[in-house]
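One structure is given below, encoded as structure tokens.
We use all heavy atoms of the structure for the numbers below, so side chains are in, but hydrogens, waters and symmetry mates are not. Naming convention: chains lettered A, B, ... in sequence-line order (proteins, then strands); numbering from 1 in each chain. Note that the coordinates shown come from a computational prediction; the quantities given were computed from them, not determined experimentally.
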2 protein chains.
Amino acid sequence: MRIAELSRRTGVPIPTIKYYTREGLVPPGERTGPNQARYDETHVRRLKLARALVEVGGLSIASAREVLTLMSGPGLSTLETLGKAQYALTPRKERTEDETWRRAAAEVDAIVSERGWQVRESNPARGTLIDALATLRRLGHDDFFEILGPYAEAAERLAADEVKLLMRRGDLEGVLEGLVVWTALGETVLASLRLLAEEAEATRVFGAF
Amino acid sequence: MRIAELSRRTGVPIPTIKYYTREGLVPPGERTGPNQARYDETHVRRLKLARALVEVGGLSIASAREVLTLMSGPGLSTLETLGKAQYALTPRKERTEDETWRRAAAEVDAIVSERGWQVRESNPARGTLIDALATLRRLGHDDFFEILGPYAEAAERLAADEVKLLMRRGDLEGVLEGLVVWTALGETVLASLRLLAEEAEATRVFGAF
DNA sequence: CATCTATAGATAGCATCACTGTCCACTTAT
DNA sequence: ATAAGTGGACAGTGATGCTATCTATAGATG
């Protein structure tokens, strides 16, 4: 197919397809002449995937390129793919490791070892979590630390379900795509459900319509 | 105190403080002359809060202004504050309500009524969730729908814990600040814990170090 | 075969966002 | 007296995610 059909099938404007191709989110079409190229189903799929990551998952173009590349790239193990997907998903930023930060770090490590989690110290989510907890403490909202236990427990249960589901897929390729898609979109799903549940619970407790 | 001290105490550069003041995230200092103003502890607190929402919670300047304003603004009820905080927290975007979308919407409403949640149809998280599910289906990852049940259940339990915690605070002001802070930062905390748990679970199942 | 539309690739332009820097006429501190 | 700090206005900056335009060509249609 030509680019117009690719655009029609995916709903992505042609200039944006060109942009994504330049940025490496989508591979270029197979050239058939100096100004002609053909696209196939793999392009359709890849483009849809790219759009989903960017629009729904909220990934930056750079992050989306990273996860898309590693998903279909050289044969990494599932665990390696997860690690790199998580790395790509987490915005990096430099931090100042003051006293409050180190205390929060110790608390995170306590939770992790308490639950028997085996997690690399370089996992970027660890840093993000420590930052969030340190901020909470600096603001004097220490009481929220009490619900970290339930939060961690819930996360653990959900992770078990997710992995079980992924393993049901026969092919490695399907597992990897599922991993990438769900790592990115699952966050949105979980966040939304949490907000809905909060409103429901707040209505139950405070509300009196 | 003068602006230099405000900057020192919060770690926010002076030009940024001026910018935040212009944008309404922080109230202006109390004027004592044509080019002099004084700041107090309320400014320190407000500025720290603003920074936390922007840097850790990832809110835009406009969203941060909204939640900060409603937090200390005219006396809204807890429920109203939650609603507006959620509204400010969710990026709005226009959507196309095609067949897949409507089907996803029905599924979301089914989950909500199944759990007996009372949720306004206008809750922005509802739209976000529907979008995410529709995208998942368009990509052919329907099997993830199976874990929506556990996800919703987890969200419900967490929401109950959060509200219980908030209610322990005596003053309405504390409740509202906690609500805003935790609505924004809790998302980061939960997302991080989920990623950590995923790595731990993946290591347990796939790993063989 | 003429003509019209479509195309690839290159380059430039645009809008938004979150700052950051500069300037001025002033205080305030030493 | 002099140096440093200040509030406010406004301009500039760098990153990001597109869009628009241009050119030389290719395919589609009468």
Side-chain angles (χ1 to χ4, degrees), chain A residues 1-40 43-44 47 49-68 88-89 91-94 184, chain B residues 1-40 43-44 47 49-68 88-89 91-94 184:
Chain A
M1 80 191 71
R2 310 215 286 164
I3 201 169
E5 193 181 342
L6 182 59
S7 170
R8 199 181 41 72
R9 294 259 318 261
T10 58
V12 181
I14 292 179
T16 306
I17 296 179
K18 289 184 175 182
Y19 170 61
Y20 284 1
T21 308
R22 275 201 307 283
E23 293 297 319
L25 273 71
V26 177
E30 196 199 342
R31 297 292 305 276
T32 64
N35 67 333
Q36 292 291 301
R38 224 168 310 147
Y39 304 90
D40 56 26
H43 293 95
V44 173
L47 188 51
L49 215 46
R51 262 274 138 142
L53 294 178
V54 170
E55 292 238 297
V56 185
L59 271 68
S60 68
I61 300 297
S63 300
R65 175 181 45 230
E66 283 181 61
V67 297
L68 287 169
L89 240 58
R92 256 92 55 211
K93 51 181 173 182
E94 76 292 2
Chain B
M1 83 191 71
R2 309 215 285 163
I3 202 171
E5 193 181 341
L6 183 58
S7 170
R8 199 181 41 70
R9 293 255 323 259
T10 58
V12 181
I14 292 179
T16 306
I17 297 179
K18 289 183 173 181
Y19 169 60
Y20 283 1
T21 308
R22 271 202 308 284
E23 293 298 319
L25 273 72
V26 177
E30 194 200 341
R31 298 294 303 280
T32 64
N35 67 331
Q36 293 289 303
R38 223 170 309 147
Y39 304 90
D40 57 26
H43 293 94
V44 174
L47 187 50
L49 214 46
R51 260 277 137 138
L53 294 178
V54 170
E55 292 237 296
V56 184
L59 272 67
S60 69
I61 299 297
S63 301
R65 175 183 42 231
E66 284 182 61
V67 297
L68 286 170
L89 241 59
R92 257 90 57 210
K93 51 182 176 184
E94 76 291 5

Only counting residues at least two apart or in another chain, list the ones meeting side chain to side chain contact (heavy atoms under 4.5 Å, CB included) with [X].
X      : value
R22(A) : K18(A), Y19(A)
P28(A) : T21(A)
V54(A) : Y20(A), L25(A), I61(A), A64(A)
S63(B) : L59(B), S60(B)

| request: Check DNA chain D against residues 22-32 of chain A and give the residues with a non-hydrogen atom under 4.0 Å, in numerical order. | output: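 Listed by number, they are R22(A).
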| Nucleic acid contacts - residues 57-64 of chain B versus DNA chain D, non-hydrogen atoms under 4.0 Å | none
At under 4.0 Å, does any side-chain N or O of [X] touch on OP1 or OP2 of [N]?
X      : N       : answer
Y20(B) : dA18(C) : no
T16(A) : dT19(D) : yes
R65(A) : dG17(D) : no

Quick one: [X] [atom1] to [N] [atom2], roughly how many Å, whole number?
X      : N       : atom1 : atom2 : value
L6(B)  : dT6(D)  : CG    : P     : 10 Å
Y19(A) : dG9(C)  : OH    : C1'   : 16 Å
R8(B)  : dT6(D)  : CZ    : P     : 11 Å
M1(A)  : dG27(D) : CE    : P     : 17 Å
K93(B) : dC18(D) : NZ    : P     : 11 Å

| query | Closest approach of T32(A) and A37(A), non-hydrogen atoms and distance? | reply | OG1-N, 4.0 Å
| said: Minimum heavy-atom separation for A4(B) and I14(B), please, with both atom names. | reply: CA-CD1, 4.1 Å
| message | Checking E23(B) now: which residues fulfil salt bridge (charged side-chain N to carboxylate O under 4.0 Å, His left out) with it, not counting sequence neighbours? | response | R65(B)
With 3.5 Å as the limit, what N/O pairs link the protein to nucleotides 12-15 of chain D?
none

| With sequence neighbours left out, what residues match N35(A) under side-chain hydrogen bond (donor to acceptor under 3.5 Å, both in side chains)? | none
| Who pairs with R2(A) by side-chain hydrogen bond (donor to acceptor under 3.5 Å, both in side chains), at least two apart in sequence or on another chain? | Q36(A)
| query | Taking the side chain as C-beta and beyond, is there a heavy-atom pair between L47(B) and I17(B) under 4.5 Å? | reply |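 Yes, side chains in contact.
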| Do V44(B) and Y39(B) touch side chain to side chain, with heavy atoms closer than 4.5 Å? |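 Side-chain contact under 4.5 Å: no.
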| query | Does R31(B) CZ have over 12 foreign heavy atoms under 6.0 Å away? | reply | yes
Show me the protein contacts with nucleotides 4-7 of chain C, counting only N or O atoms at under 3.5 Å.
{"from": "dT7(C)", "atom 1": "OP1", "to": "A4(A)", "atom 2": "N", "distance (Å)": "3.3"}
{"from": "dT7(C)", "atom 1": "O2", "to": "N35(A)", "atom 2": "ND2", "distance (Å)": "2.8"}

| field | Pairs satisfying salt bridge (charged side-chain N to carboxylate O under 4.0 Å, His left out), at least one member in residues 4-15 of chain B, at least two apart | value | E5(B)-R8(B), R9(B)-E41(B)
| message | Using 0.5 Å steps for rounding, measure from the CG atom of D40(B) to the CD atom of E30(B). | response | 8.0 Å
| task | Mind checking P34(B) for me? I need base, sugar-phosphate or nothing, with any heavy atom below 4.0 Å counting as a touch. | result |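 The residue P34(B) makes sugar-phosphate contact but no base contact.
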